[in-house]
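The next block holds one structure in the form of structure tokens; read it before the comments.
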Amino acid sequence: MPSSTRPTIEDVDIFHGPLRYWFLENKRDLPWRRMFWNAYAVWVSEIMLQQTQVATVIPYFERWMCSFPTVESLANAELEEVLQHWSGLGYYARGRNLHRAAKMVVDGYNGSIPQEQPALLKLPGIGRYTSGAILSIAFNQPEPLVDTNVIRVLSRVFAIAGDPKSSAVSETIWKFAKQLMPDGTASDHNQALMELGATLCIPVDPRCPRCPLVGICVAGNSPDPTLFPQLAPGRATVQQSHTSVIIERNGKYLMVQRYLNGLWGGLWEFPRRVANKGETALQCAIRAAKEVVGLEVVPMETVATVKHAVTHHRIVLTGVLAVWQLGEPTRLDCAELRWLTLDELDSVATSSPQSTIISKTKQKYRTSGVIQKEIPFEA
DNA sequence: AATACGGGGAT
DNA sequence: ATCCCAGTATT
């Protein structure tokens with residue numbers, strides 16, 4: 001096979017031989033690979049790994065499997081506990097969907113994970129990729145799978161032009177993936193493609209000399225292997241300021257639960273306001289405290305400021321302390337409301353920036369005791 | 001077909 | 001700062 005020519009589907013032997021041997025020799029020791037016979041473990045890991053890197057997932061996966069070792073245990077758990085285990089992992093609909101799907105598997109399939117694609121696709125949170133992953137990795141069925149790793153590997157090997165996010169190019173890649181499926185070694189094969197994309201065929205500075213596919217790879221034999229895939233440029237990020245108001249009364253702190261839909265759905269946080277156009281972080285903080293506490297003048301102190309990136313937003317979250325003793329909080333648009341002690345703050349599911357504000361609050365309380373300090377009102 | 005949905009790590 | 005990541009659901 002001349003390296004300048006685009007390889008044909010006749011070159012599949014390279015995938016089934018050298019690529020598979022490379023994988024068996026070089027695969028990383030990952031928690032879910034110690035439980036391969038367990039389709040539930042594969043399922044959980046695949047949901048957690050959606051858009052999330054291996055290193056981030058590992059501790060979450062281990063805690064999860066410890067608390068919810070079976071489909072039944074997950075189905076019987078409270079959503080509250082499920083979200084708590086997902087707290088900080090992001091894309092929280094994944095956790096809610098996994099919980100809902102576990103109930104469906106227990107109720108509709110007697111607790112056994114379906115082994116047919118149509119049934120899997122009916123479960124919330126399982127799409128084309130994840131169904132392929134469960135069928136091939138857990139059940140060794142010859143079902144293809146395409147994730148960003150596979151996109152990168154195949155678009156480089158076969159010099160597939162165009163934006164792989166577009167439906168046309170995506171279908172092309174799925175077609176290649178399907179034709180490459182081997183008999184009897186689907187599990188190794190799909191993992192090998194992804195492992196290659198994760199460790200050698202990486203976005204920047206790919207390690208082509210060590211790659212088992214270098215003999216047939218078009219991009220790998222070109223001056224610049226990173227010309228593929230031809231990804232479209234991403235969107236610019238927008239900055240946004242938020243303010244959380246930390247309200248203490250009789251040693252308890254006011255927390256609100258967000259609605260299930262939307263950003264950070266179902267998670268708990270200190271009452272929050274988004275800055276208006278042209279409003280500075282400080283102005284937003286003053287307004288937020290006034291609105292939530294319902295007083296004209298509120299003594300306050302900034303506990304922490306967290307910069308955080310979500311999707312195409314850059315969020316600056318400021319935590320402001322407001323000591324407050326009169327009446328009830330106002331203008332709280334939330335699913336539920338609770339007063340929690342400092343220690344109980346850790347017992348609810350929170351987003352990553354919110355958990356930072358909480359830990360800074362506790363730190364400040366423990367080191368200076370400032371939160372206990374009486375600040376006189378000037379209503 | 002486009003957009004919403006997190007958060008951490010690498011460069 | 002910017003890109004990237006074991007994608008899915010909704011519009």
Side-chain angles (χ1 to χ4, degrees), chain A residues 27-28 30-33 41-61 83 86-98 100-101 120-134 136-138 144-153 163-171 173-174 177 187 190-199 201-206 226 229 231-239 258-267 306-315 317 349-356:
Chain A
K27 64 178 172 182
R28 293 166 291 177
L30 304 174
W32 43 93
R33 284 189 175 153
V42 173
W43 180 18
V44 171
S45 72
E46 290 302 338
I47 299 294
M48 287 186 171
L49 286 163
Q50 288 169 6
Q51 299 290 283
T52 309
Q53 298 185 159
V54 165
T56 306
V57 165
I58 289 175
Y60 282 88
F61 177 82
L83 282 180
W86 213 271
S87 181
L89 193 54
Y91 287 134
Y92 298 92
R94 295 183 298 175
R96 300 197 305 269
N97 284 336
L98 186 51
R100 208 149 54 90
L120 285 174
L121 291 177
K122 288 194 183 93
L123 298 174
I126 297 184
R128 200 177 181 182
Y129 163 80
T130 306
S131 66
I134 292 171
S136 64
I137 296 176
L145 107 203
V146 172
D147 70 341
T148 55
N149 288 312
V150 177
I151 287 174
R152 194 164 48 249
V153 170
D163 180 8
K165 297 276 194 183
S166 75
S167 59
V169 178
S170 174
E171 283 313 312
I173 295 173
W174 274 95
S187 183
N190 279 341
Q191 291 179 74
L193 280 178
M194 294 193 286
E195 193 81 352
L196 191 67
T199 61
C201 193
I202 50 185
V204 181
D205 201 14
T226 66
L231 289 162
R235 226 193 316 174
T237 64
V238 181
Q239 182 142 329
R258 298 174 68 97
Y259 295 112
L260 242 38
N261 294 335
L263 188 67
W264 296 315
L267 299 196
V306 182
K307 294 186 197 317
H308 200 78
V310 310
T311 318
H312 62 285
H313 290 281
R314 170 170 291 279
I315 291 179
L317 177 64
T350 58
S351 67
S352 187
Q354 197 64 223
S355 86
T356 305

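Every heavy atom of this structure was used, including side-chain atoms; hydrogens, water molecules and symmetry mates were not. Residue numbering restarts at 1 for every chain, and letters A, B, ... go by the order of the sequence lines.
- To the nearest angstrom, P of dG7(B) lies 17 Å from NZ of Lys307(A).
- Looking at which nucleotide of DNA chain C each of Ala232(A) and Gly127(A) is closest to, the 5′-most match is held by Ala232(A).
- Nearest-nucleotide positions on DNA chain C for Pro124(A) and Leu231(A) put Leu231(A) closer to the 5' end.
- Within a 6.0 Å radius of NZ in Lys27(A), more than 12 heavy atoms belonging to other residues, nucleotides or ligands are found.
- For Arg94(A), the salt bridge (Lys or Arg N to Asp or Glu O under 4.0 Å) criterion is met by no residue, not counting sequence neighbours.
- Listed by chain and residue number, Glu195(A) satisfy the salt bridge (Lys or Arg N to Asp or Glu O under 4.0 Å) test with Arg33(A) (two or more places apart in sequence, or in another chain).
- Partners of Thr350(A) according to the side-chain hydrogen bond (donor to acceptor under 3.5 Å, both in side chains) rule, which considers only residues two or more places apart in sequence or in another chain, do not exist here.
- Rounded to whole Å, the P atom of dT8(C) lies 24 Å from the corresponding atom of dG9(B).
- Here the options are Val146(A), Val153(A), Thr148(A), the test is side chain to side chain contact (heavy atoms under 4.5 Å, CB included), and the partner is Val150(A); only Val146(A) passes.
- With rounding to whole Å, Asn261(A) atom CG is found 15 Å from dT3(B) atom C1'.
- The nearest whole Å value for the distance from the CG atom in Leu89(A) to the P atom in dG7(B) is 9 Å.
- dA4(B) atom C1' lies 13 Å from atom CH2 of Trp264(A), rounded to whole Å.
- With sequence neighbours left out, the side-chain hydrogen bond (donor to acceptor under 3.5 Å, both in side chains) criterion links Asn149(A) to Asp147(A), Arg152(A).
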Name the pairs: protein N/O against N/O of nucleotides 8-10 of chain B, kept only if under 3.5 Å.
{"unit_1": "dG8(B)", "atom_1": "OP1", "unit_2": "Ser352(A)", "atom_2": "OG", "d": "3.1"}
{"unit_1": "dG8(B)", "atom_1": "OP2", "unit_2": "Ser352(A)", "atom_2": "OG", "d": "3.3"}
{"unit_1": "dG8(B)", "atom_1": "N2", "unit_2": "Gln53(A)", "atom_2": "OE1", "d": "3.4"}

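- If you take atom C1' in dG8(B) and the same atom in dA9(C), they sit 23 Å apart, rounded to whole Å.
- Where Thr350(A) and Ser167(A) each meet DNA chain B at their nearest nucleotide, the meeting point lying more 5' is that of Ser167(A).
- When rounded to the nearest whole Å, the span between CE of Met48(A) and C1' of dG7(B) equals 14 Å.
- Taking Tyr129(A) as the reference, Glu46(A) meet the side-chain hydrogen bond (donor to acceptor under 3.5 Å, both in side chains) condition, with sequence neighbours excluded.
- Rounded to whole Å, the separation between the P atoms of dC5(B) and dA6(C) comes to 23 Å.
- Atom NE2 in His312(A) sits roughly 11 Å away from atom C1' in dC5(B) (whole-Å rounding).
- With rounding to whole Å, Lys165(A) atom NZ is found 13 Å from dA4(B) atom C1'.
- The span of DNA chain C lying next to chain A, judged by atoms under 4.0 Å from heavy atoms, is bounded 5' to 3' by dT2(C) to dA9(C).
- Scanning for side chain to side chain contact (heavy atoms under 4.5 Å, CB included) contacts around Arg100(A) gives Asn97(A), Pro124(A), with sequence neighbours left out.
- Qualifying side-chain hydrogen bond (donor to acceptor under 3.5 Å, both in side chains) partners for Ser187(A), counting only residues two or more places apart in sequence or in other chains: Gln191(A).
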